[in-house]
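Structure first, then comments.
Atoms considered below: every heavy atom in the structure, side chains included; atoms not considered: hydrogens, waters and symmetry mates. The first residue of the sequence shown is numbered 1, and numbering continues consecutively from there.
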Amino acid sequence: QVQLVESGGGSVRAGGSLRLSCAASIYSFSSACMAWFRQAPGKGREGVAAIDSDASTNYADSVKGRFTISKDNAKNTLYLQMNSLKPEDTATYYCAARFTGRPCSSSFLIAWYNYWGQGTQVTVSS
């Protein structure tokens with residue numbers, strides 16, 4: 001049973017930083033492609049940052065230059081470093097993973113991922 005467990009959310013003032021973590025219980029973590037999504041109240045879930053199994057990354061325009069996604073294969077953990085946070089970054093952040101046993105490219109399509117975490121809340125005040 002694959003599990004993704006996020007942590008690191010919290011409340012910060014605008015301009016502050018947070019680092020989210022997503023611990024995965026899967027032996028083939030290195031071949032996974034993964035992503036962070038977020039969902040604000042009353043809005044749909046949107047892709048924020050994604051990383052391929054070869055560590056290539058992709059970012060939503062709204063977070064480019066402020067957020068950094070990374071993957072530690074030795075620790076089976078995905079990270080999202082969030083700097084210069086804005087009130088509009090307030091949302092529940094979800095970790096997503098696609099495990100097929102083979103290398104894969106990431107995507108911002110929700111249906112691409114077959115495993116999801118439970119979410120962690122990020123609140124940015126002005």
Side-chain angles (χ1 to χ4, degrees):
Q1 180 76 12
V2 174
Q3 283 191 317
L4 302 177
V5 180
E6 300 105 332
S7 61
S11 297
V12 296
R13 289 190 177 272
S17 297
L18 283 173
R19 188 176 81 155
L20 305 183
S21 298
C22 172
S25 60
I26 182 71
Y27 77 96
S28 60
F29 183 83
S30 62
S31 66
C33 47
M34 304 186 73
W36 288 97
F37 287 75
R38 67 186 181 188
Q39 187 166 15
K43 295 188 177 181
R45 193 169 296 192
E46 64 173 354
V48 173
I51 186 165
D52 298 355
S53 54
D54 69 356
S56 298
T57 58
N58 193 21
Y59 296 93
D61 288 343
S62 59
V63 307
K64 278 181 182 176
R66 299 189 298 122
F67 290 10
T68 302
I69 188 172
S70 62
K71 191 167 168 264
D72 187 334
N73 292 330
K75 295 183 177 180
N76 277 22
T77 302
L78 178 74
Y79 300 101
L80 184 68
Q81 178 67 44
M82 304 186 295
N83 298 327
S84 302
L85 283 161
K86 303 176 181 180
E88 51 263 44
D89 295 319
T90 295
T92 300
Y93 283 71
Y94 298 91
C95 167
R98 178 178 174 89
F99 293 116
T100 64
R102 295 177 293 178
C104 68
S105 297
S106 59
S107 168
F108 283 151
L109 292 175
I110 293 173
W112 182 246
Y113 298 94
N114 46 4
Y115 297 102
W116 290 82
Q118 81 289 351
T120 185
Q121 178 67 36
V122 172
T123 302
V124 185
S125 59
S126 58

To the nearest 0.5 angstrom, please state how far the CD1 atom of Ile51 sits from the OG atom of Ser56. 8.0 Å

For Lys64, all residues meeting salt bridge (charged side-chain N to carboxylate O under 4.0 Å, His left out), sequence neighbours excluded: Asp61

What residues, two or more places apart in sequence or in another chain, satisfy side-chain contact (heavy atoms from CB on, under 4.5 Å) together with Ser62? Arg38, Ala60

If hydrophobic residues (ILVMFWY) are linked whenever their side-chain heavy atoms come closer than 4.5 Å, directly or via other members, who joins Tyr94 in its cluster? Phe37, Leu109, Ile110, Trp112, Tyr113, Trp116

Under a single-linkage rule joining Ile, Leu, Val, Met, Phe, Trp and Tyr whose side-chain heavy atoms are separated by less than 4.5 Å, which residues share a cluster with Val5? none

What is the minimum heavy-atom distance between Thr77 and Phe29, and which atoms define it? N-CZ, 3.5 Å

Which pairs pass side chain to side chain donor-acceptor pair (under 3.5 Å) with one or both residues in residues 96-111, sequence neighbours excluded? Asp52-Ser106

Salt bridge (charged side-chain N to carboxylate O under 4.0 Å, His left out): pairs with one or both residues in residues 105-116, sequence neighbours excluded: none

Can you list everything that forms a side-chain contact (heavy atoms from CB on, under 4.5 Å) with Thr90? Sequence neighbours excluded, please. Gln121, Thr123, Val124

Report the distance from atom OH of Tyr115 to atom CD of Gln3, rounding to the nearest 0.5 Å. 11.5 Å

Got a sec, which pairs hit disulfide bond (SG atoms under 2.5 Å apart) with one end in residues 40-88, sequence neighbours left out? none

On a heavy-atom basis, which atom in Leu78 and which in Cys95 lie closest, and how many Å separate them? CD2-SG, 3.9 Å

Write out all pairs satisfying salt bridge (charged side-chain N to carboxylate O under 4.0 Å, His left out) with one or both partners inside residues 68-84, taking only residues at least two apart or from two chains. none

So, do Ile69 and Met34 sit near enough that their side-chain heavy atoms are less than 4.5 Å apart? no

Residue pair Ala91 / Ala40: nearest heavy atoms and the distance that separates them: CB-N, 3.8 Å

Rounded to the nearest 0.5 Å, what's the gap from OG on Ser28 to CG on Asn76? Could you check? 9.0 Å

If you look only at pairs with a residue in residues 28-71, which of them pass as a disulfide bond (SG atoms under 2.5 Å apart), with sequence neighbours excluded? Cys33-Cys104

Which residue pairs pass the ring-ring contact (aromatic ring centres under 6.0 Å, His included) test when at least one of the two sits in residues 48-83, sequence neighbours left out? none

Pairs under 3.5 angstrom only: tabulate donor-acceptor contacts from the side chains of residues 11-23 to other protein residues two or more places apart or in another chain.
{"unit_1": "Ser17", "atom_1": "OG", "unit_2": "Asn83", "atom_2": "OD1", "d": "2.9"}

